[in-house]
Amino acid sequence: MTNKEGSLLIVDDDLDVLHTARVILKPYFQKITVESNPQQLNYLINNEAFDVIILDMNYTNGVTTGKEGLYWLKYIIENIPDQLVIMMTAYGDIKLAVEAMKYGANDFVVKPWENEKFIATVNSAYLHSKSKKELKDIKSKQESVNKIFSSTHNTIIGESRSLTEVLSIAGKVASTDAAVLILGENGVGKEVIAQHIHNLSNRAGEPFIKVDLGSISESLFESELFGHVKGAFTDAKTDKEGRLSIAGNGTLFLDEIGNLSMAMQSKLLSVLQNKQVIPVGSTQPKSINARIISATNSSLSQMIEEKTFREDLLYRLNTVEIRIPALRERPDDIALLSKHYLQTFSKKYNKTLQFEESTLNYLSNYDWPGNVRELMHSIERAVIMSDSKEITKDDFILKSVNKVKRTDSLNIDEVEKELIEKALLKHDGNVSKAAKELGMGRTTIYRKMDKYNINY
Ligand SMILES: Nc1ncnc2c1ncn2[C@@H]1O[C@H](COP(=O)(O)OP(=O)(O)OP(=O)(O)O)[C@@H](O)[C@H]1O
């Protein structure tokens with residue numbers, strides 16, 4: 001270790017042992033407390049948190065049964081079940097060591113120790129305790145995020161028929177353990193719906209763990225998902241739990257599932273089939289019980305045709321499939337979401353703002369390729385930039401190609417309206433140029449702009 005960290009407590013009735021241990025370990029650990037009287041343990045452990053306690057087995061002259069050590073070990077574990085304890089004895093008694101491990105000791109050293117081995121044993125126990133604490137932290141952070149999320153962010157905005165249908169399926173599937181596959185474009189709300197299903201399920205009190213498979217490298221995939229044991233590879237300094245185990249009885253949300261390589265797909269499939277993970281470097285399988293919700297913006301059926309996605313994996317993932325429609329397919333939700341974000345960001349930036357009359361109509365006609373995320377960011381930007389009390393369409397910089405809502409209609413008037421809008425956008429509102437491109441005279445284009453209520 002380069003930077004010293006970690007606090008140790010060493011308990012031994014032999015002052016020479018305490019002195020030597022302190023000198024040897026001092027260069028590696030931030031704080032070392034030594035105590036010759038085990039009766040002080042009660043006071044010490046109730047007043048300070050130690051990463052590792054190193055505990056002698058015998059405290060009475062001539063007694064070598066180790067009973068005292070076991071008594072104090074039990075006492076510590078009863079009070080602090082997660083405490084890492086290393087037992088020390090001058091007598092290499094295997095039976096005693098086994099018994100100590102049964103009571104919850106993490107390791108065992110025999111006196112007189114070899115310095116390097118002693119340091120390595122304490123260091124490894126320290127790293128173990130650190131990773132246990134980190135795991136606890138992740139879980140408790142996740143729980144508070146879940147609480148905050150469900151109380152504030154998970155207000156799902158939208159009343160369109162298609163979103164209501166999505167919410168109805170989500171409600172039905174929530175109480176089951178069925179694997180859910182959520183499909184939809186970027187920013188459409190796939191994660192929001194995954195979290196919503198988790199919040200409505202019996203697993204709501206358990207962690208909701210997300211893995212972004214789009215950003216995970218092939219080499220890290222197994223260790224992130226399944227965990228690893230100490231020494232499995234160069235950087236594996238300590239055991240690490242995988243996300244599947246961290247999710248416990250909760251939900252594992254596998255985002256961007258379409259980004260998995262074929263090799264990763266087969267590993268994931270075998271884990272889902274066997275309901276077991278084998279951490280990298282281990283031979284010991286661990287059972288898993290997390291519910292799997294996955295999401296993608298790719299067309300998995302097309303990927304199956306192209307043989308880049310395994311059909312058998314798809315069947316494991318899509319017991320129930322939910323497709324979230326793009327925002328342009330549910331324009332009724334745009335005004336509601338816009339009002340919601342205007343309120344949220346006005347509050348955040350301490351402004352009093354409202355939409356100018358035509359703004360909501362303008363926003364509802366844009367096709368939002370980035371969906372709800374793009375709408376949210378656009379409104380945040382407009383709130384920041386606006387100098388007046390009203391937000392107008394000029395406060396938005398929308399990608400011009402998409403500014404006009406695409407129509408599938410074959411109605412001549414609608415198609416003509418769309419063409420004129422497109423031409424005007426292309427020429428930044430220059431009517432003469434737009435008319436020329438459309439092969440119309442200026443008078444004609446003005447007449448049609450009036451007819452279709454196009455304002456530029
Ligand atoms: N119906 C909705 N009501 C309120 N907020 C929403 C809704 N849908 C999406 N959002 C918000 O839009 C943003 C994007 O949503 P989310 O991350 O769930 O999308 P996604 O489909 O998972 O995106 P990606 O494919 O990029 O991972 C988030 O800030 C989310 O809170």
Side-chain angles (χ1 to χ4, degrees), residues 142 145-171 173-174 180-200 208-216 243 251-260 292-300 303 309 317-318 320-349 360 363-364 366-384 396 398-399 402:
Q142 190 58 51
V145 168
N146 281 354
K147 271 186 202 141
I148 295 167
F149 198 90
S150 48
S151 62
T152 57
H153 291 79
N154 210 22
T155 337
I156 297 175
I157 315 280
E159 287 174 2
S160 60
R161 234 181 65 197
S162 50
L163 186 72
T164 314
E165 211 159 285
V166 164
L167 293 175
S168 148
I169 304 174
V173 80
V180 181
L181 174 66
I182 306 177
L183 303 170
E185 293 179 6
N186 282 336
V188 88
K190 297 186 292 294
E191 184 173 346
V192 171
I193 294 296
Q195 176 84 52
H196 180 66
I197 294 174
H198 172 77
N199 292 348
L200 291 179
F208 174 87
I209 302 287
K210 173 184 169 178
V211 188
D212 184 356
L213 297 170
S215 64
I216 216 168
R243 305 265 175 134
T251 302
L252 184 75
F253 176 51
L254 298 172
D255 202 6
E256 310 287 0
I257 191 89
N259 284 35
L260 283 184
I292 308 290
I293 302 184
S294 42
T296 183
N297 57 12
S298 318
S299 162
L300 294 184
M303 288 179 73
F309 201 86
L317 298 173
N318 77 343
V320 175
E321 209 169 275
I322 301 180
R323 182 182 164 274
I324 307 182
L327 199 49
R328 67 182 162 279
E329 295 172 64
R330 44 183 169 116
D332 300 355
D333 289 341
I334 296 176
L336 275 178
L337 282 159
S338 303
K339 285 183 199 155
H340 166 74
Y341 287 128
L342 178 67
Q343 205 182 16
T344 309
F345 294 121
S346 299
K347 206 167 151 194
K348 179 171 174 189
Y349 297 107
L360 284 176
L363 295 177
S364 300
Y366 177 57
D367 73 356
W368 301 105
N371 293 292
V372 184
R373 186 179 292 113
E374 185 188 1
L375 175 69
M376 180 175 75
H377 289 155
S378 302
I379 293 182
E380 178 165 18
R381 186 189 169 280
V383 169
I384 294 170
F396 294 90
L398 306 179
K399 286 172 221 146
N402 296 309

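Computed from a predicted model, the values in this text were never measured in an experiment. Start at 1 and go down the list; that is how both ligands and their atoms are numbered.
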Between CG of Asn259 and CD1 of Ile216, what distance do you get to the nearest 0.5 Å? 11.0 Å
What residues form a side-chain hydrogen bond (donor to acceptor under 3.5 Å, both in side chains) with Thr344, not counting sequence neighbours? none
In terms of atom number and element, which parts of ligand 1 are under 4.0 angstrom from non-hydrogen atoms of Ile156? 1 (N), 3 (N)
Under 3.5 Å between some N or O of ligand 1 and some N or O of Gly187? yes
Backbone N/O of Glu159 and side chain of Asp333: donor-acceptor pair under 3.5 Å: yes
Non-hydrogen atom of Gln195 closer than 4.0 Å to ligand 1: no
Mind checking whether Asp255 contacts ligand 1 via backbone (N, CA, C, O), side chain (CB onward), both or neither, at a 4.0 Å heavy-atom cut-off? side chain
Please state whether Asp212 comes within less than 4.0 angstrom of ligand 1, counting heavy atoms only. no
When rounded to the nearest 0.5 angstrom, what distance separates CG in Asp367 from CD1 in Ile334? 9.0 Å
Return a yes/no value for Val372: is any of its N or O atoms, backbone included, closer than 3.5 angstrom to an N or O of ligand 1? no
For ligand 1, indicate whether the residue Asn297 contacts it via side chain, backbone, both or neither (heavy-atom separation under 4.0 Å). neither
In ligand 1, which numbered atoms sit nearer than 4.0 Å to a non-hydrogen atom of Thr155? 3 (N), 4 (C)
Is there a donor-acceptor pair under 3.5 Å between the side chain of Arg243 and the backbone N or O of Val211? no
Is the closest heavy atom of Val188 to ligand 1 under 4.0 Å? yes
I'd like to know if the side chain of Lys190 and the backbone of Glu185 have a donor-acceptor N/O pair within less than 3.5 Å. yes
Hey, does Gly158 sit under 4.0 Å from ligand 1 if you only count heavy atoms? no
Is the side chain of Asn371 donor-acceptor paired with the backbone N or O of Asn186 at a distance under 3.5 Å, no angle test? yes
Using a 3.5 Å cut-off on N or O atoms only, is Gly189 in polar contact with ligand 1? yes
Would you mind finding which of Lys210, Lys190, Glu185, Glu191 brings a heavy atom closest to atom 25 (O) of ligand 1? Lys190
Ile157 heavy atoms within 4.0 Å reach ligand 1 at atoms 1 (N), 2 (C), 3 (N), 4 (C)
So is Met376 polar-close to ligand 1, meaning N/O to N/O under 3.5 Å? no
Using modelled atom types only, decide if a donor and an acceptor are shared between the side chain of Trp368 and the backbone of Ala326 within a distance under 3.5 Å. no
Does Tyr341 reach ligand 1, in the sense of a heavy atom lying below 4.0 Å from it? yes
Salt-bridged, Asp255 to Lys210, with N to O below 4.0 Å? yes
Polar contact flag for Val192 and ligand 1 (N/O pairs, less than 3.5 Å): yes
For Glu165, all residues meeting side-chain contact (heavy atoms from CB on, under 4.5 Å), sequence neighbours excluded: none
